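Input: a single structure, listed below in structure tokens.
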There are 2 protein chains.
Amino acid sequence: MYSAAMSTADRLVESTRELLWERGYVGTSPKAILERAAAGQGSMYHHFKGKQDLALAAIRRTADEMTATAESVLSRPGTPYERIEAYLLRERDVLRGCPVGRLTMDPDVIASDALRAPVDATIARIRQRLADVVEEGRQQGQFAADLDAEEIASAVVATVQGGYVLARASGSPAAFDAGVRGLLALLRPA
Amino acid sequence: MYSAAMSTADRLVESTRELLWERGYVGTSPKAILERAAAGQGSMYHHFKGKQDLALAAIRRTADEMTATAESVLSRPGTPYERIEAYLLRERDVLRGCPVGRLTMDPDVIASDALRAPVDATIARIRQRLADVVEEGRQQGQFAADLDAEEIASAVVATVQGGYVLARASGSPAAFDAGVRGLLALLRPA
DNA sequence: GTCTATATCTGGATAGAC
DNA sequence: GTCTATCCAGATATAGAC
């Protein structure tokens, strides 16, 4: 199921990442994790304190990966508008939803400061990075001078997160694309 | 806990609606529903076939209520922009999230066509109603002629749904408001 | 219609052998 | 480090009494 070179601890984290993405925290049981990782109970409780501790390791890894992907796309060459466009149009597994954002709908994640922290940090960092790009475009005159960069960045992130909701509700990625195109049309420089 | 005039079946549905909102489908147990409704096992299995059947009744009721609220706000007097603004700014329990949209992150809801159907129908209907308003504004010249009404409507709904994600991640409704203000700034007629 | 009793399975964790 | 055995509570449902 995983590369033979992967340690048991790593297999446990990877299985947990997948299951958190597919089923969320409350929907993921230790048993399911162990089966997917082909590991026994003993291994899990040797490497991690329990379900929450393992989930925290998994969430951190996913959060770091997503932050890196976003930073990378937004640092590519191009005008501010083009970079935001690239962020919005980057390839996504739309129907699976956002592996970080979906955790905000999980009651046990929201109830735990430790589990929520990496989720909050990831979204805040991407939003800030987007705000920097918007501000740059504003200074250059590509965007209207009276726009608030932080607010536009929030709208961009929200459109992405909400796009997943639309897509999953309708069972089709088209709904995500429609929202993104709508936002880009409003943002497009004249 | 509920009005004494409320039937056992109604109490069960209301309890389920609350719990689905707070914890989602996978996070809600029949036991928790029964405790909140002050009902016994027998009542639940007499009135409903099981957890899924009860959840379906609860989701339908919530979906109908949300559709009615949206239609009502969007039908108020005012220019198209003002009506969209009213929809975006209407009072919301932001940190609790959207009782319909949150269900799209629930694996068991998405896996069941029966449970997903009312979620899909609600979002599609609100989006269509918004598209009609946008189209009206476009015809009147309040919005740019080259905008696609359906796409703008998708962006509006996505911003709301994604706004809940931002708010819950940060633990503050301010993040929702920022996204909404950003979108309104982009949409605002000159 | 509602109650209690019961059944079976899973959730989440511990204990101790190897 | 990993395994198996075991634990107790909860999830979901059925049976049958009242």
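All figures in this text were calculated on a predicted structure; none of them were measured in a lab.
Checking the phosphate oxygens (OP1, OP2) of dT12(D), a side-chain nitrogen or oxygen of K51(B) falls inside 4.0 Å. Residue S43(A) places at least one side-chain N or O closer than 4.0 Å to OP1 or OP2 of dC3(D). H46(B) has no side-chain polar atom (N or O) that falls below the 4.0 Å cut-off from OP1 or OP2 of dC3(C). Contact between the side-chain N/O atoms of T8(B) and the OP1/OP2 oxygens of dT2(C) is found at a separation under 4.0 Å.
Side-chain N or O atoms of R102(B) include one that pairs as donor or acceptor with a backbone N or O of M105(A) at under 3.5 Å. Under a 3.5 Å cut-off, the side chain of R168(B) and the backbone N or O of T104(A) do form a donor-acceptor pair. Proximity of a side-chain donor or acceptor of S170(B) to a complementary backbone N or O of A167(B) within less than 3.5 Å is detected. In terms of modelled atom types and a separation under 3.5 Å, the side chain of D148(B) and the main chain of E151(B) share a donor-acceptor contact.
Among dG1(C), dT4(D), dG1(D), the nucleotide with an atom closest to any side-chain atom of H47(B) is dG1(C). In the set dT4(D), dA5(C), dA11(D), dA5(C) carries the atom at the smallest distance from any side-chain atom of Q41(B). Looking at the side chain of P30(A), the nearest of the listed nucleotides dA5(C), dA5(D), dG11(C) is dG11(C).
Regarding Q52(A), its CD atom lies at a distance of 15 Å from the C1' atom of dG11(C), rounded to whole Å. Atom C1' of nucleotide dG1(C) and atom CG of L34(B) are separated by 14 Å, given to the nearest angstrom. Whole-Å rounding puts the K49(B) NZ to dA13(D) P distance at 12 Å. Distance, I33(B) CD1 to dG10(D) C1': 14 Å, rounded to whole Å. The nearest whole Å value for the distance from the CE atom in M44(A) to the P atom in dG11(C) is 11 Å. Taking atom CG of L12(A) as the reference point, atom C1' of dG1(D) lies 12 Å away to the nearest angstrom. Separating the OH atom of Y45(A) from the P atom of dA13(C) is a distance of 4 Å, rounded to the nearest angstrom. Taking atom CG of L54(B) as the reference point, atom C1' of dT12(D) lies 13 Å away to the nearest angstrom.
The nearest pair of heavy atoms linking L183(B) to V156(B) is CD2-CA, 3.7 Å.
When each of K31(A) and G42(A) is assigned the nucleotide of DNA chain C bearing its nearest heavy atom, the one mapping closer to the 5' terminus is K31(A).
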